Amino acid sequence: MNDPHGFLEFPRRPVPARPVEERLRDWDEVYAGQATLPLISEQAGRCMDCGIPFCHSGCPLGNLIPEWNTFARHADWRAAAERLHATNNFPEFTGRLCPAPCEDACVLTINADPVTIKNVEQAIADQSWERGYASPRPPERLSGKTVAVVGSGPAGLAAAQQLTRIGHTVAVYERDDRIGGLLRYGIPAFKMAKCHLERRIGQMRAEGTVFRTGMDIGGALDAADLAARHDAVVVAVGARGQRELPVPGRELRGIHQAMDYLTLANRVTEGDFETPAVTAEGKRVVIIGGGDTGSDCMGTALRQGASRVVQLDINPEPGDTRRDGEPWPVYPKVYRISHAHEEARGREGADPRVFASATLRFEGDPAGRVRALHLVEVEPEGRRPRPGTERDIPADLVLLALGFHGPERGTGLMRQLGLVLDGRGNFARDDGFGARTGEPCGPSARTRTDGIFVAGDAGRGQSLVVWAIAEGRSAAAATDRYLSGSTVLPAPIAPRDRPLVA
């Protein structure tokens, strides 16, 4: 076990990011080459091995955090990797991309600084690969059942790996030209290098999973025909329906959806072309939306050479501490600085975000290009405009990072598989009771169409990568139960489970 006094001996020391001026000159990961194993082992030693580890409550995967912290503390990377992979198919993804709600649920957070769980997780995952502990795990025997997974984001990949390892023959169908979904084209390389994705895809291929790209299921390829050729189908197409901003001037050139912009930038780093069709170079950029996608746009624009970047957030500026309505161990809305914000602040000398503001309209030049954005301050409650607070912000490029309203609607995929939307605008699925008997059958992802299951953001709505992986694992368990009558696969969450909030 860990030293029960480790948190008293060692202060919290996160792995340092590379200097701002260095990382803005390339597309390498912010932490590339920065992790040091002695630091990681020291920080893992701050874990108290609590009797009730509330970090489990903050993580939908149920990661065995105190256990792998103990192994990391003693540099037993093989054992740490085994415990980490017991609940998480892709810890190198979550270690880089997840905002770590587990840290806000750490018992130390009650009156001190939490364990650097995210840093430890990434280090264990990386050591697992470097030391050869992540070898392929092909099934011992085949079941004779076939499964089609539509979509290759984290939910689809997790479902495919679980089902392949249990013995089913799995094919993953991806509409894009490369596997990975938003991991490939939505996440910038400076947050997660694509080599980590390629490495996992290689592992999955060696286990027996088949990948087919350029497959527009529901479009050029009939989804009902796909279902007829397989014993089960897992739909993991994500929540790709982008929210719009219906204000005057939206039709002006130079206003783009954030995900379209990020995809073009990622295709440059993939080597598809030398320069993107939409670039921030030399431009005044305004990003509308205060979430992670907006932050990714900011980091991308700065690396492309934007002259100025501003991010608008309709929400009020959070405080530095938890509010009374957000007690530990919930994930609180507190003031946070992403690496992109740090990079922009270093250039401008101030936070690049404008809080509690809403866009009223866009102004254009005679050529039909956007030249300014007209905004107004809003009240914290009700978001009503404050009279007399209107002003203009110059803009040559505007990026809409307003989130997603669910899966793309009215598609051939929906119609051909008989999918319907629930009250939240996502693909409807059952709540864990047998469709025929009404008896409890464990967490499920089954739809009203026999043999069709939904995983990830397509059924949950826009969420975190850690929830997507948990969704994929649960959907795999439900699918295996349907095909085999029972399952030993873990199902960490049910369709109606939600993050720990006040």
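Since we're looking at a predicted model, the values are computed, not measured.
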**Student:** Inspect the contact between Arg429 and Glu471 and indicate whether a charged nitrogen and a carboxylate oxygen are less than 4.0 angstrom apart.
**Tutor:**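 Looking at Arg429 together with Glu471, the answer is yes, because their closest N to O distance falls below 4.0 Å.
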**Student:** Just wondering, are more than 12 heavy atoms of other shown residues or ligands nearer than 6.0 Å to CZ in Arg199?
**Tutor:**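 Yes, the 6.0 Å shell around CZ holds more than 12 heavy atoms from other groups.
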**Student:** Taking atom CZ as the centre, does Arg424 end up with more than 12 heavy-atom neighbours from other residues, nucleotides or ligands that are less than 6.0 angstrom away?
**Tutor:**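 No, CZ of Arg424 has 12 or fewer neighbouring heavy atoms, counting only those of other groups under 6.0 Å.
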**Student:** Do Val310 and Val354 come within less than 4.5 Å of each other through their side chains, counting heavy atoms only?
**Tutor:**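 Of all side-chain heavy-atom pairs linking Val354 with Val310, at least one is under 4.5 Å.
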**Student:** Can we say Asp176 and Arg212 salt-bridge, meaning some charged N sits less than 4.0 Å from an Asp/Glu carboxylate O?
**Tutor:**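 Looking at Arg212 together with Asp176, the answer is no, because their closest N to O distance does not fall below 4.0 Å.
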**Student:** Return the CZ to CG distance between Arg353 and Asp313, rounded to the nearest 0.5 Å.
**Tutor:**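 Those atoms lie 7.5 Å apart.
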**Student:** Would you call Asp272-Arg178 a salt bridge at under 4.0 Å N-O?
**Tutor:**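 So Asp272 pairs with Arg178 through a salt bridge.
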**Student:** With a 4.5 Å cut-off on side-chain heavy atoms, are Arg243 and Gln462 touching?
**Tutor:**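 Sidechains of Arg243 and Gln462: in contact.
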**Student:** Compute the ring centroids of Tyr335 and His341, then answer whether they are less than 6.0 Å apart.
**Tutor:**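 Aromatic pair excluded; centres sit 6.0 Å or further apart.
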**Student:** May I ask you to decide if Arg460's main-chain N or O and Asp457's side chain share a donor-acceptor pair within less than 3.5 Å?
**Tutor:**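 Pair absent, no side-chain N/O of Asp457 close to backbone of Arg460.
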**Student:** Determine yes or no for a side-chain-to-main-chain donor-acceptor pair under 3.5 angstrom, with Asn119 supplying the side chain and Val15 the backbone.
**Tutor:**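 Yes; judged by distance alone, with no hydrogens or angles, the pair exists.
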**Student:** So do the side chains of Leu421 and Phe427 get within less than 4.5 Å of each other, counting heavy atoms only?
**Tutor:**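 A side-chain contact exists here, since the closest heavy-atom pair is under 4.5 Å.
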**Student:** Measure the shortest side-chain to side-chain distance between Arg446 and Ile452 over non-hydrogen atoms and say whether it is less than 4.5 angstrom.
**Tutor:**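 The answer is no; the side chains never approach within 4.5 Å.
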**Student:** About how many Å separate CG of Leu182 and CZ of Phe404, when rounded to the nearest 0.5 Å?
**Tutor:**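 Result: 6.0 Å between the selected atoms.
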**Student:** Measuring from atom CG of Leu252 to atom CD of Glu363, what distance do you get when rounded to the nearest 0.5 angstrom?
**Tutor:**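 These two atoms lie 8.5 Å from each other.
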**Student:** Determine, for Glu326 against Lys333, whether the closest basic-nitrogen to carboxylate-oxygen distance falls under 4.0 angstrom.
**Tutor:**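 So Glu326 does not pair with Lys333 through a salt bridge.
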**Student:** Less than 4.5 Å apart, side chain to side chain, heavy atoms only: is that true for Leu221 and Leu226?
**Tutor:**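 With C-beta onward as the side chain, the pair stays apart.
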**Student:** If you measure only the distance, is there a donor-acceptor pair under 3.5 Å linking the side chains of Asn88 and Glu121?
**Tutor:**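 Distance-only check passes for Asn88 and Glu121.
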**Student:** Taking the side chain as every heavy atom from C-beta outward, state whether Phe93 and Cys98 have any pair of such atoms under 4.5 Å apart.
**Tutor:**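 No, every pair of side-chain atoms sits at 4.5 Å or beyond.
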**Student:** Whether Arg184 and Glu174 form a salt bridge (side-chain N of Lys/Arg under 4.0 Å from carboxylate O of Asp/Glu) is what I want to check.
**Tutor:**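 Here Glu174 does not pair with Arg184 in a salt bridge, since their nearest N and O are not under 4.0 Å apart.
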**Student:** Report yes or no: do Arg200 and Asn89 form a side-chain donor-acceptor pair below 3.5 Å?
**Tutor:**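 Their side chains do not contain a donor-acceptor pair, so the 3.5 Å distance test is not met.
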**Student:** Applying side-chain hydrogen bond (donor to acceptor under 3.5 Å, both in side chains), can you list everything that pairs with Arg175, at least two apart in sequence or on another chain?
**Tutor:**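 side-chain hydrogen bond (donor to acceptor under 3.5 Å, both in side chains) check on Arg175 returns Glu408.
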**Student:** Between Arg303 and Glu343, is the closest basic N to carboxylate O distance under 4.0 Å?
**Tutor:**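 A salt bridge is present here (some side-chain N lies under 4.0 Å from a carboxylate O).
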**Student:** For Lys194, does the NZ atom sit with more than 12 other heavy atoms under 6.0 Å from it, leaving out its own atoms?
**Tutor:**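 It does: Lys194 NZ has more than 12 such atoms within range.
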**Student:** Go through the side-chain N and O atoms of Glu29 and His196 and say whether any donor and acceptor fall under 3.5 Å apart.
**Tutor:**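 The answer is yes; a qualifying pair exists.
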**Student:** Would you say the side-chain atoms of Trp328 pair up with the backbone N or O of Ala105, donor to acceptor, closer than 3.5 Å?
**Tutor:**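 Yes: the side chain of Trp328 pairs with the backbone of Ala105.
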**Student:** Please tell me if the side chains of Asp104 and Arg322 come closer than 4.5 Å, counting only heavy atoms from C-beta onward.
**Tutor:**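 Yes. Closest side-chain heavy atoms under 4.5 Å.
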**Student:** Measuring from Leu245:CG to Gln257:CD, what's the distance to the nearest 0.5 Å?
**Tutor:**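 If we round to the nearest 0.5 Å, Leu245:CG and Gln257:CD are 9.0 Å apart.
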**Student:** Answer yes or no: is there an ion pair linking Glu103 with Arg12, defined by an N-O contact shorter than 4.0 Å?
**Tutor:**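 Between Arg12 and Glu103 there is a salt bridge, with a charged N closer than 4.0 Å to a carboxylate O.
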**Student:** Just verifying a value: how many Å separate Arg25 CZ and Asp28 CG, rounded to the nearest 0.5 Å?
**Tutor:**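 Nearest 0.5 Å value for the CZ-CG distance: 11.5 Å.
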**Student:** Answer yes or no: is there an ion pair linking Arg267 with Asp177, defined by an N-O contact shorter than 4.0 Å?
**Tutor:**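 Counted as a salt bridge, because a side-chain N and a carboxylate O are separated by less than 4.0 Å.
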**Student:** Between atom CD1 of Ile65 and atom SG of Cys55, what is the distance when rounded to the nearest 0.5 Å?
**Tutor:**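 Answer for the CD1-SG pair, Ile65 versus Cys55, is 4.0 Å.
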**Student:** So, the side chain of Thr449 versus the backbone of Leu417: is there a donor-acceptor pair under 3.5 Å, distance only?
**Tutor:**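 Side chain of Thr449 to backbone of Leu417: a pair is present.
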**Student:** Can you see whether Tyr31 engages Arg96 through a side-chain donor-acceptor pair at a distance of less than 3.5 angstrom?
**Tutor:**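 Judged by distance alone, the side chains do not pair up.
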**Student:** Could you pull out all residues at least two apart from Arg18 that satisfy salt bridge (Lys or Arg N to Asp or Glu O under 4.0 Å)?
**Tutor:**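 Per chain and number, Arg18 pairs via salt bridge (Lys or Arg N to Asp or Glu O under 4.0 Å) with Glu22, Asp26.
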**Student:** What pair of heavy atoms forms the shortest contact from Val398 to Phe362, and how long is it?
**Tutor:**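 For Val398 versus Phe362, the nearest heavy atoms are CG1-CE2, 3.8 Å.
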**Student:** Could you check whether any side-chain heavy atom of Ser357 comes within less than 4.5 Å of a side-chain heavy atom of Val378, counting everything from C-beta outward?
**Tutor:**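 No, their side chains stay 4.5 Å or more apart.
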**Student:** Distance alone, cut at 3.5 Å: any donor-acceptor contact between the side chains of Asn63 and Thr87?
**Tutor:**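 Yes, a side-chain donor-acceptor pair sits under 3.5 Å.
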**Student:** Give the ring-plane orientation class for His230 versus Tyr173, where under 30° counts as parallel, over 60° as perpendicular and anything between as tilted.
**Tutor:**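 Plane angle over 60°, so perpendicular.
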**Student:** Under 3.5 Å, which donor-acceptor pairs do the side chains of residues 287-296 form with other protein atoms, sequence neighbours left out?
**Tutor:**
| residue | atom | partner | partner atom | Å |
| --- | --- | --- | --- | --- |
| Ser295 | OG | Ser338 | OG | 2.7 |
| Asp296 | OD1 | Lys191 | NZ | 3.1 |

**Student:** With the threshold set at 4.0 Å, does a side-chain nitrogen-carboxylate oxygen contact exist between Arg23 and Glu342?
**Tutor:**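 Judged by the 4.0 Å cut-off on N to carboxylate O distance, Arg23 and Glu342 do form a salt bridge.
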